[in-house]
Structure formats: structure tokens, C-alpha cells
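Just so it is clear, the model here is predicted, and its values are computed rather than measured. Residue numbers start from 1 in every chain, and the chains themselves are labelled A, B, ... in the order their sequence lines are given, proteins ahead of strands.
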Number of protein chains: 2
Amino acid sequence: MSPRSGLNQQTVIKAAIEIANQENLQAVTIASLAKKLNVRSPSLYNHIDSLNSVFHHMAIYGLEELYDTMISSTQDQLGDEAIHSLSKAYIYFVRQHPGLYEATFIALKQGDSNIKYAADKIVRFVLKKLESYNFTYQEGIHIVRGLRSILHGFATIEQKEGFGIDIPTDESLTYILDTFLLGLKKG
Amino acid sequence: MSPRSGLNQQTVIKAAIEIANQENLQAVTIASLAKKLNVRSPSLYNHIDSLNSVFHHMAIYGLEELYDTMISSTQDQLGDEAIHSLSKAYIYFVRQHPGLYEATFIALKQGDSNIKYAADKIVRFVLKKLESYNFTYQEGIHIVRGLRSILHGFATIEQKEGFGIDIPTDESLTYILDTFLLGLKKG
DNA sequence: TTGCTAAAACTAATACCATTAGTTATAATG
DNA sequence: CATTATAACTAATGGTATTAGTTTTAGCAA
């Protein structure tokens, strides 16, 4: 107890992620963090710059985790199989870490270069997986934008429970990806 | 000036939408509304229940506007043509009313039935436009979820300027929709 | 025209929030 | 064992939403 409670930036970020995933991103406040970590609010400023910087670190951590998950889900897969794997990994990641995923997205608009870089790594990875299809560069961009739209859109609608109806969402995801991939082959 | 400034709920919501579109949804606060409307913060409570209820009304208004825009963009169109039109209408609506669109989405998770109803109207409209393809009910659901994912994903990524790269986003949208529609025909 | 009343403004106050300044206690190092 | 840097603390500032209680006024009735 009392002074020297063993805090550091990592601990604070980790606590923030827990709160975000259990509640939501809005529930991450200096006050809620302090309570969870058994210190007074101002004490946190020995480890972080601001609440905004907490979101910032969450975003980078989340994007890297998402990237790793996608990488390891595809291994040496290529083509349709790889796209299905990486998509499933993406959607499952959002389901397991909803608050962390929120953080990755909220922060994007701030235009921070570290975050852009972490996000770009994912885009480049997907582009790489598309190489086996022999698309032009421009087509590749369109396709990545399409996949990203599908995955982000699907994930967030699901997160907000906007789908309603009792048809399994996993089946829908498979159907949507198959349709998109089929269209790519025919185009 | 002073008392009786002619406020009502409509005026407040309208001011909120203006602030949201010009800045963003977070900029809509009781304080910013009061300032814009030249009254003190507590005065607003004569016209609204809470800040949350303002977001709520924004969401419903936004969904109805979006619905109307999509309806009138398709008129008596059917099939691919209709899907392209309604999609373009959706994306353009988000570009023109970014803050209002934010509100429609933030509110979804609250699970309010009025909002669910307004959102469902759009889903049913898109389902109707798909009738000419002769899909089964289950396929229809998958496809609507797909289109919704594409449109919401595309719109929000564009909004946060997450696309980078200088290839026109309109071209990407057309490409993505064509690909998806092509896949539907082959399936 | 005058007086009443409901509505809409106001001020004051409460309870939260993030953040900064300044102080105290402690853990580790010389 | 003394010093020092660090990490906790308290106190204070200025922001937020919201509630309570008060004053003002617009419009209607007599």
C-alpha cells in the first residue's frame, strides 16, 4: 500500500485496456484508472502524459496485437484461404477485445504518424496476401479498401449489436467474403 | 435578447447537428449548445431532457434523413443500378453530414427501440431492392449485412481519413460494389 | 388596460471530470 | 547512514452536466 505501489506506464495502459474491454472506451477515465490501480488521480501523471496519451498507446498496442493475430492466422496460406483466415482473425479479435479495437479507431483521425504506421503495416500485409491474384497496383488498393470496409463495418455493426435477427453472423461473414472473392475472380 | 428567446426542442437539435457537422459529435455539449443559442446552460433543460436525449433525437433525425436520401436516389430503379445509387447516396450523405452520421451510430448500442426501428427501415428498403435478384430470405440477410458493412465501413474509414494514398475513393467504391454484385451473380 | 399564470429564462449550487502546483514520503544509491 | 530522485500525496483550478429555486415575461382573461 501507500507510496511505491509499483506502477509504470505499462501497468496503466494494461488497466486501461481491461476497463475498455469490460465496459467500453468511454469508461476509461483518469478517475476509473486511479480507482482500479488504488492510487489518487494525480499520481497517474507520474507515468502518463494525459488521458489522451493513454488512448494513443492503447491504439498502437491494439493495432500491433491485431497485426500479429492476422499474421499468425494465415502463416503460409495464400489466396482465398488466406483472406478468409485473416478476416476471421480480425473479427474474432474485435469480439475478444472490443474496447481495445475502439481505441485503434478513435485515434486514427488524430493523424498521428505512429498510429498511421501501425495501421499501414496491416494494409501492406493484406496487399501482400493479394499478390498471388496478380492484380494491378490500383486494383490492389481498391480491393484492400474493400476488405477493410467489410471487416471494419462488419465488426463495428456487430459490436453495437446492430444486426438483430437470429441468423448467425459467422455465416454472413463467410458468405460476404465468398461473394467478394468470387467477384474478384470474375472481374 | 434575454428571456423568451424563441427556443424549442427543434431549434436545439438543429444547433446540435450544426455543431456536430462543423466540428464533431464530441463538440456537442450543453455548454457549446448554450453558447451557440445565446442562453445559459440550465435554460436548455426547458426544452430537452439531457444531453443524451439530444444525441438520441439526432440519431433518429439522421436515420430518417438518410432513409429519405436513399429512397429518392433510387426512385424506380432496380438491381445493380439501384444498389449503386443507394450506396452513393449513403456515402455522400455521410460526407455532407459527418457529425449527424456519427450520432446515428453512437446511439445504436443504447438499444433504443425508436432508433432500431429507424435503422430497420433502411434495412428493409435495401432488402426490397434486392427482391429482383430472387434470393432466398437467408441470402437476402447475408447480402444486406454485406452491403451495410461495406457502406458503414467505407464511410467511417473515409471519415477518419484512414485511406491515405491518392487514388480517388469514389473509384474504389464503384469497384467494391461492382465486385460484390458480380460475386452475387455467380453465386 | 390591468392582473394573473405558465413558461422560459436566470443564478446558485452540487458533483463529477482532467490537469497542475506544491509537498511529503520512500526506495535506492554513494 | 545520508542524499537524491521518484512517486505518492493534498489542494486548487477550470471545465463538464445537472438540479433547485428564483425572477422575468409573454400572452390571455377580465
Inset, instruction - Go through the steps to decide whether B:Phe93 and B:His97 satisfy the test ring pair (Phe, Tyr, Trp, His ring centres under 6.0 Å), and finish with yes or no. - result: CA-CA 6 Å; B:Phe93 179 87; B:His97 315 281; 4.6 Å; yes
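- Within a heavy-atom distance below 4.0 Å of DNA chain C, the residues of residues 42-54 of chain A found are A:Pro42, A:Tyr45, A:Ser50, A:Leu51.
- In the displayed structure, A:Arg40 atom CZ is contacted under 6.0 Å by at most 12 heavy atoms of other residues, nucleotides or ligands.
- Side-chain proximity of A:Ile30 to D:dA8, C:dA9, C:dA18: nearest is C:dA18.
- A distance-only check finds no donor-acceptor pair linking the side chain of A:Ser53 to the backbone of A:His56 [under 3.5 Å].
- Summarising the geometry, the separation between CG on A:Asn8 and C1' on D:dT6 is reported as 13 Å, rounded to the nearest angstrom.
- Judged by distance alone, the side chains of B:Asp80 and B:Tyr133 do bring a donor and an acceptor atom under 3.5 Å apart.
- Rounded to whole angstrom, the span from the CZ atom of B:Phe55 across to the C1' atom of D:dA17 amounts to 11 Å.
- At the phosphate of D:dT10, OP1 or OP2 sits under 4.0 Å from a side-chain N or O atom of A:Arg40.
- As a whole-Å value, the separation of B:Leu33 CG from C:dA9 P is 14 Å.
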Inset, instruction - Step by step, work out the salt bridge (charged side-chain N to carboxylate O under 4.0 Å, His left out) result for B:Lys88 and B:Asp170. - result: CA-CA 9 Å; B:Lys88 200 171 167 179; B:Asp170 275 351; over 6 Å; no
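- The CG-C1' distance, from A:Leu37 to D:dA7, rounds to 14 Å in whole Å.
- With 3.5 Å as the limit, one finds no donor-acceptor pair spanning the side chains of A:Ser172 and A:Thr169.
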